[in-house]
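Contents: one structure, followed by commentary.
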Amino acid sequence: MKPVISVFFITASSAMFSAAPAFGFTLIGASGGLKGWDSKTLEFHINPENCPDDVNDMMDKALDVWNQIPTLGIQLTRGSDSSTTIGDALAGTSDATPTVHCVADMAAVGLNPEVIPGVATGQQVSAGGHLNYGVLVLNAQVGASANIKTLNENLVVDVMAHEIGHILGLGHSTDTSALMYYDASKRKTASVSQDDVDGITYLYARDELGGNDLFGGCAMIRGRPSSRAAQPDAFFLLLPLLPFFLPVFLSILASLSQKRRRMSKA
């Protein structure tokens, strides 16, 4: 037995140390106490100045990338338009937050217009560890290589969804298939990977008992059916038990039949 144990130990150890490193999401900031936004809903307010005509549609699509995650405990929506300037937003004085801005002069806010189509910045954290401020900047500089008005819509939606992830508190992922991977060219469309789901669920876990109403309650404790149309539920729930009870039922029938024959002979 000892050689077998030794072989197993060596094999298991080799598999453990030769395995590829696991992917992992990260959070923004250096501290580990980030808790995300302290809200069940979060509205993004767009300042439409300098933005393409379809910016609202693209924003809705980007928000839906996150909203379609079934374990997400926060609802992302597009709120009313904002008149806050990019200067005020970056100064942290915007009343509505987070705000979205299409910037015509990226260099003026310290960004390279040739390589950066969008960026999330200005995130602030409360004393309790919750995010409470954020700014999403989109490149609208005429003639710039990364101007969102000249890029494919799928790419722009991907960029917006990625930056929304940062606004929500996620950092970059090492998974090249993840939405939160830094290089958008690795993805054809805006979509989340399991790593994105794990990260966003860590920050905003859906709480069914706390009011999210994930599945709408349990079928077995809803009370007495109000009509005969609801009664087949119990039948179908008990149907899988039939193979266990059928032999017992048949044995009882056989025993009763034999007893009836003996009584008739007597």
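Note that the numbering runs from 1 along the sequence shown for the chain. Not measured: the values here are computed from a predicted model.
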### Message
Would you say that Glu43 contacts Pro98 through its side chain, given a criterion of any heavy-atom pair below 4.5 Å between the two side chains?
### Response
no
## Note on the structure
Rounding to 0.5 Å, atoms CG (Asp64) and CE (Met59) come to a distance of 10.5 Å
### Task
State plainly whether one hydrophobic cluster holds both Leu42 and Leu63, where clusters connect Ile, Leu, Val, Met, Phe, Trp and Tyr through side-chain heavy atoms under 4.5 angstrom apart.
yes
### Message
Looking at Asp183, I'd like to know if its CG atom is crowded, meaning that more than 12 non-hydrogen atoms belonging to other residues, nucleotides or ligands lie closer than 6.0 Å.
### Response
yes
### Message
If you compare all heavy atoms of Glu153 against all heavy atoms of Asp57, which two are closest, and at what distance to 0.1 Å?
### Response
OE2-OD2, 4.3 Å
### Exam field: side chain Asp196 to backbone Leu179, donor-acceptor pair closer than 3.5 Å
yes
### pair Leu170-Thr26: side-chain heavy atoms closer than 4.5 Å
no
### Task
Would you check if the side chain of Glu114 reaches a backbone N or O of Ser145 as a donor-acceptor pair within less than 3.5 Å?
yes
### Which atom of Asp81 lies closest to which atom of Pro48, heavy atoms considered
OD2-CG, 3.9 Å
### Message
To the nearest 0.5 Å, what is the distance between OG on Ser80 and CD1 on Ile46?
### Response
10.5 Å
### Task
Report yes or no: does Thr85 contribute a side-chain atom to a donor-acceptor pair with the main-chain N or O of Asp88 at less than 3.5 Å?
yes
### Task
Please check if the side chain of Lys35 supplies one atom and the backbone of Gly128 the other of a donor-acceptor pair under 3.5 Å.
yes
### Message
Is there a path of hydrophobic side-chain contacts, each under 4.5 Å between heavy atoms of I/L/V/M/F/W/Y residues, joining Tyr182 to Leu27?
### Response
no
### Task
Take Ile28 and Leu34 through the side chain to side chain contact (heavy atoms under 4.5 Å, CB included) test and state the conclusion after the steps.
CA-CA 8 Å; Ile28 61 171; Leu34 189 70; 3.8 Å; yes
### Query
Is there a chain of hydrophobic side chains (I, L, V, M, F, W, Y, each step under 4.5 Å between heavy atoms) that links Met160 to Ile74?
yes
### Task
Mind checking ring-ring contact (aromatic ring centres under 6.0 Å, His included) for His101 and listing every partner two or more places apart, or none if nothing turns up?
none
### Query
When rounded to the nearest 0.5 angstrom, what distance separates NZ in Lys149 from CG in Asp54?
10.5 Å
### Query
Donor-acceptor pair, Trp66 side chain versus Leu76 backbone, under 3.5 Å?
no
### Nearest heavy-atom neighbours spanning Phe44 and Ile164
CZ-CG2, 3.9 Å
### Message
Would you say Val125 ends up clustered with Tyr202 if hydrophobic residues are merged whenever their side chains have heavy atoms under 4.5 Å apart, either directly or through other cluster members?
### Response
yes
### Query
Any idea which heavy atoms bring Asp175 and Tyr181 closest together, and the distance?
O-CB, 3.3 Å
#### Entry: Sidechain-backbone polar pair: Thr201 side chain, Ala205 backbone, donor-acceptor under 3.5 Å
no
### Query
Given the rule that I, L, V, M, F, W and Y join up when any side-chain heavy atoms are under 4.5 Å apart, are Trp37 and Val100 in one cluster?
yes
### Query
So do the side chains of Val137 and Ile86 get within less than 4.5 Å of each other, counting heavy atoms only?
yes
### Query
Is a side-chain donor or acceptor of Thr97 paired with a backbone partner of Gly134 at a separation under 3.5 angstrom?
yes
### Task
Mark yes or no for whether Tyr204, through its side chain, and Leu168, through its backbone, hold a donor-acceptor pair below 3.5 Å.
yes
#### Entry: CG/Asp53: more than 12 non-hydrogen atoms of other groups inside 6.0 Å
no
### Query
Has the side chain of Asp195 got a donor or acceptor atom that lies under 3.5 Å from a matching backbone atom of Ala178?
no
### Query
How close do Thr84 and Ser82 get, heavy atom to heavy atom, and via which atoms?
N-OG, 3.0 Å
### Query
When you look at His166 and His172, which way does the side chain to side chain contact (heavy atoms under 4.5 Å, CB included) test go after all the steps?
CA-CA 8 Å; His166 288 318; His172 285 130; 3.3 Å; yes
### Message
Checking side-chain polar atoms at under 3.5 Å, does Gln75 have a donor or acceptor matched by the opposite partner on Thr41?
### Response
no
### Query
Between Arg78 and Asp60, what is the shortest heavy-atom contact and its length?
NE-OD1, 2.8 Å
#### Entry: Arg187 vs His162, side chain to side chain contact (heavy atoms under 4.5 Å, CB included): CA-CA, chis, key distance, verdict
CA-CA 11 Å; Arg187 301 178 295 275; His162 175 94; 4.2 Å; yes
### Any donor-acceptor pair under 3.5 Å from Asn50 side chain to Ala140 backbone
no
#### Entry: Reported CD1-to-CG distance for the pair Ile116 and Leu138, which is rounded to 0.5 angstrom
12.0 Å
### Query
Looking at OG of Ser191 and CG of Asp158, how far apart are the two atoms once the value is rounded to the nearest 0.5 Å?
8.0 Å
### Message
Could you measure the distance from the CD atom of Glu49 to the SG atom of Cys102? Nearest 0.5 Å is fine.
### Response
9.5 Å
### Message
When you compare the side chain of Gln141 with that of Val103, does any pair of heavy atoms fall below 4.5 Å?
### Response
no
### Task
Might you work through the side chain to side chain contact (heavy atoms under 4.5 Å, CB included) test for Glu163 and Ile167, ending with a clear yes or no?
CA-CA 6 Å; Glu163 301 307 331; Ile167 294 292; 5.6 Å; no
